[in-house]
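Right, one structure below, let's go through it.
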Number of protein chains: 2
Amino acid sequence: MNTEERIKKQLELIETMGRIFEREGMQPVVGRIMALLMVMDKEMFTFDQIVEELQISKSSASVGLKILQASNSIEYTTIPGDRKRYFRIKSQDPLSLMEDIKRKIEEKRGILTQVLELKADPESRNSQFFKNLIYIMNHFLEKYEKHKEKYQNKG
Amino acid sequence: MNTEERIKKQLELIETMGRIFEREGMQPVVGRIMALLMVMDKEMFTFDQIVEELQISKSSASVGLKILQASNSIEYTTIPGDRKRYFRIKSQDPLSLMEDIKRKIEEKRGILTQVLELKADPESRNSQFFKNLIYIMNHFLEKYEKHKEKYQNKG
DNA sequence: ATTTTAGTTCGGTAAGTTCCGAACTAAAAA
DNA sequence: TTTTTAGTTCGGAACTTACCGAACTAAAAT
């Protein structure tokens, strides 16, 4: 694959990823900024480069970048003697991805526990189903913790 | 806690759960139908009972129930000599919850793999970060499979 | 001192979503 | 045969979101 082909595919991937981020609740422009910062060979973009590359307004870029910073997804560095901000994705601890998933499972478990506590009949069809769900959630959360420990110790 | 208190809390929980489902992409009415079928002591509701209980229009109920059936979240039974449909949540295999999570991780891994393949420099900051993410995803997917097997064998 | 750079903030608009009521249908009951 | 029941479908109103352009600001360059 030559460079030209590669760049074309990268641009396509930005659209695809943008839609995935959108499905997860980001607004379209925000998702595409995130995707841009992830896929291109250049990994630091200035405000104007983002505006130019994605063909969006300065205001959308400004708001979008603010949202991504607030959600801890990107950061910027500055170069002395250069007024521009250079934006890039924030490379957090890779485990934080798994921690997000864990938190979501815990949230669901919390809700199901409340539902169960409020049931008149703890043996009803739904009660039993929810007990099962909670059981499996506990099982996997437990296993997850063990593997996290191992992973952290080994590095 | 007496029955009255319990029912009041159940109604509150419907609102809370509705908002959680909303955050996950359901439209408000759909989320509240789902929550209703989950939390109340009665676990089978007719169309009219849903309309009445949630104070929504018949059209919203009709569309909402169709969406929930299409997404495999609810089902209905009928009673011979009774024209009404009795809707209830579908209690799938509890593992399917974990399978959903697995699929999402796999999807993300697929995208990151594509990103990585299109990078000019496979040792760039972002490339390295993505490699790390993919590594940890693989690690946990592998462990997940093992535990699933164990769980299925034991029951 | 004034112009340029690098953004931010505000107001409005276009598009999309969500929901409702009214009119409809198909089957069962009267 | 007419009426009732149990929904469905359609069109549009009300609201929300997503984005833009224009006006603005604060710092740096000229």
Side-chain angles (χ1 to χ4, degrees), chain A residues 14-37 42 44-71 73-90, chain B residues 14-37 42 44-71 73-88:
Chain A
I14 289 176
E15 294 305 310
T16 308
M17 288 178 73
R19 278 193 295 276
I20 289 175
F21 286 133
E22 220 178 311
R23 216 182 51 207
E24 289 177 3
M26 280 188 191
Q27 49 183 210
V29 164
V30 176
R32 292 199 300 141
I33 294 175
M34 193 63 198
L36 177 74
L37 296 181
K42 191 192 345 224
M44 310 253 278
F45 284 78
T46 67
F47 187 93
D48 284 323
Q49 286 168 343
I50 292 167
V51 165
E52 172 60 22
E53 195 69 48
L54 297 178
Q55 297 284 32
I56 57 178
S57 71
K58 290 207 297 171
S59 52
S60 299
S62 178
V63 171
L65 288 167
K66 197 158 283 177
I67 289 170
L68 287 171
Q69 288 174 82
S71 70
S73 306
I74 65 167
E75 61 189 358
Y76 66 83
T77 42
T78 46
I79 298 172
D82 182 348
R83 217 138 39 98
K84 290 173 202 123
R85 292 177 192 168
Y86 291 82
F87 294 94
R88 63 177 183 191
I89 58 166
K90 200 162 170 177
Chain B
I14 289 176
E15 293 306 309
T16 308
M17 287 178 75
R19 278 193 296 277
I20 289 176
F21 287 134
E22 218 178 311
R23 216 182 51 207
E24 287 176 6
M26 283 188 189
Q27 48 182 212
V29 164
V30 176
R32 292 199 300 141
I33 293 175
M34 192 63 197
L36 177 73
L37 296 180
K42 185 179 11 207
M44 310 253 277
F45 282 78
T46 67
F47 187 92
D48 282 323
Q49 286 168 344
I50 292 167
V51 165
E52 172 60 22
E53 194 69 49
L54 297 178
Q55 298 283 30
I56 58 178
S57 70
K58 290 207 297 171
S59 53
S60 300
S62 178
V63 172
L65 288 167
K66 196 158 283 176
I67 290 170
L68 286 171
Q69 287 175 80
S71 71
S73 306
I74 66 167
E75 61 189 358
Y76 66 83
T77 43
T78 46
I79 298 173
D82 183 347
R83 223 153 18 111
K84 290 175 199 120
R85 293 177 191 167
Y86 290 82
F87 294 94
R88 63 176 183 193

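Below, chain A is the first sequence line, B the second, and so on; all start at residue 1.
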Residues that A:Ile67 engages under side chain to side chain contact (heavy atoms under 4.5 Å, CB included), provided they are two or more places apart
A:Gln27, A:Val30, A:Val63

Sequence-distant partners of A:Lys66, side chain to side chain contact (heavy atoms under 4.5 Å, CB included), two or more places apart:
none

Stretch residues 22-30 of chain A: residues that reach within less than 4.0 Å of DNA chain D through a heavy atom:
A:Gln27, A:Pro28, A:Val29

Under the side-chain hydrogen bond (donor to acceptor under 3.5 Å, both in side chains) test, which residues partner A:Ser71, sequence neighbours left out?
A:Ser73

Assert: residue with more 5' nearest nucleotide on DNA chain D, out of A:Arg83 and B:Lys84, is B:Lys84

Counterpart residues, side-chain hydrogen bond (donor to acceptor under 3.5 Å, both in side chains), relative to A:Thr16 (two or more places apart)
none

Is the shortest heavy-atom distance from the side chain of A:Tyr86 to the side chain of A:Thr46 under 4.5 Å?
yes

Side chains of residues 18-25 of chain B: which donor-acceptor pairs under 3.5 Å do they make with residues two or more places apart or in other chains?
unit_1: B:Arg23; atom_1: NH1; unit_2: A:Glu107; atom_2: OE2; d: 3.4
unit_1: B:Arg23; atom_1: NH2; unit_2: A:Glu107; atom_2: OE1; d: 2.9
unit_1: B:Arg23; atom_1: NH2; unit_2: A:Glu107; atom_2: OE2; d: 3.2

Pick the nucleotide of DNA chain D nearest each of A:Asp82 and B:Phe47; which residue has the one closer to the 5' end?
B:Phe47

DNA chain C contacts made by residues 56-66 of chain A, counting heavy atoms under 4.0 Å
A:Lys58, A:Ser59, A:Ser62, A:Lys66

Selection residues 75-87 of chain A - residue pairs positive for salt bridge (Lys or Arg N to Asp or Glu O under 4.0 Å), sequence neighbours left out:
A:Glu75-A:Arg88, A:Glu75-B:Arg125

Qualifying residues under side-chain hydrogen bond (donor to acceptor under 3.5 Å, both in side chains), relative to A:Lys90, sequence neighbours excluded:
A:Asn72

Nt span of DNA chain C in reach of chain B heavy atoms at under 4.0 Å, 5' end first, is C:dT18 to C:dA28

Partners passing ring-ring contact (aromatic ring centres under 6.0 Å, His included) against A:Tyr76 (at least two apart in sequence or in another chain):
A:Phe87

Taking salt bridge (charged side-chain N to carboxylate O under 4.0 Å, His left out) as the test, write out the residues that go with B:Glu15, two or more places apart.
B:Arg32

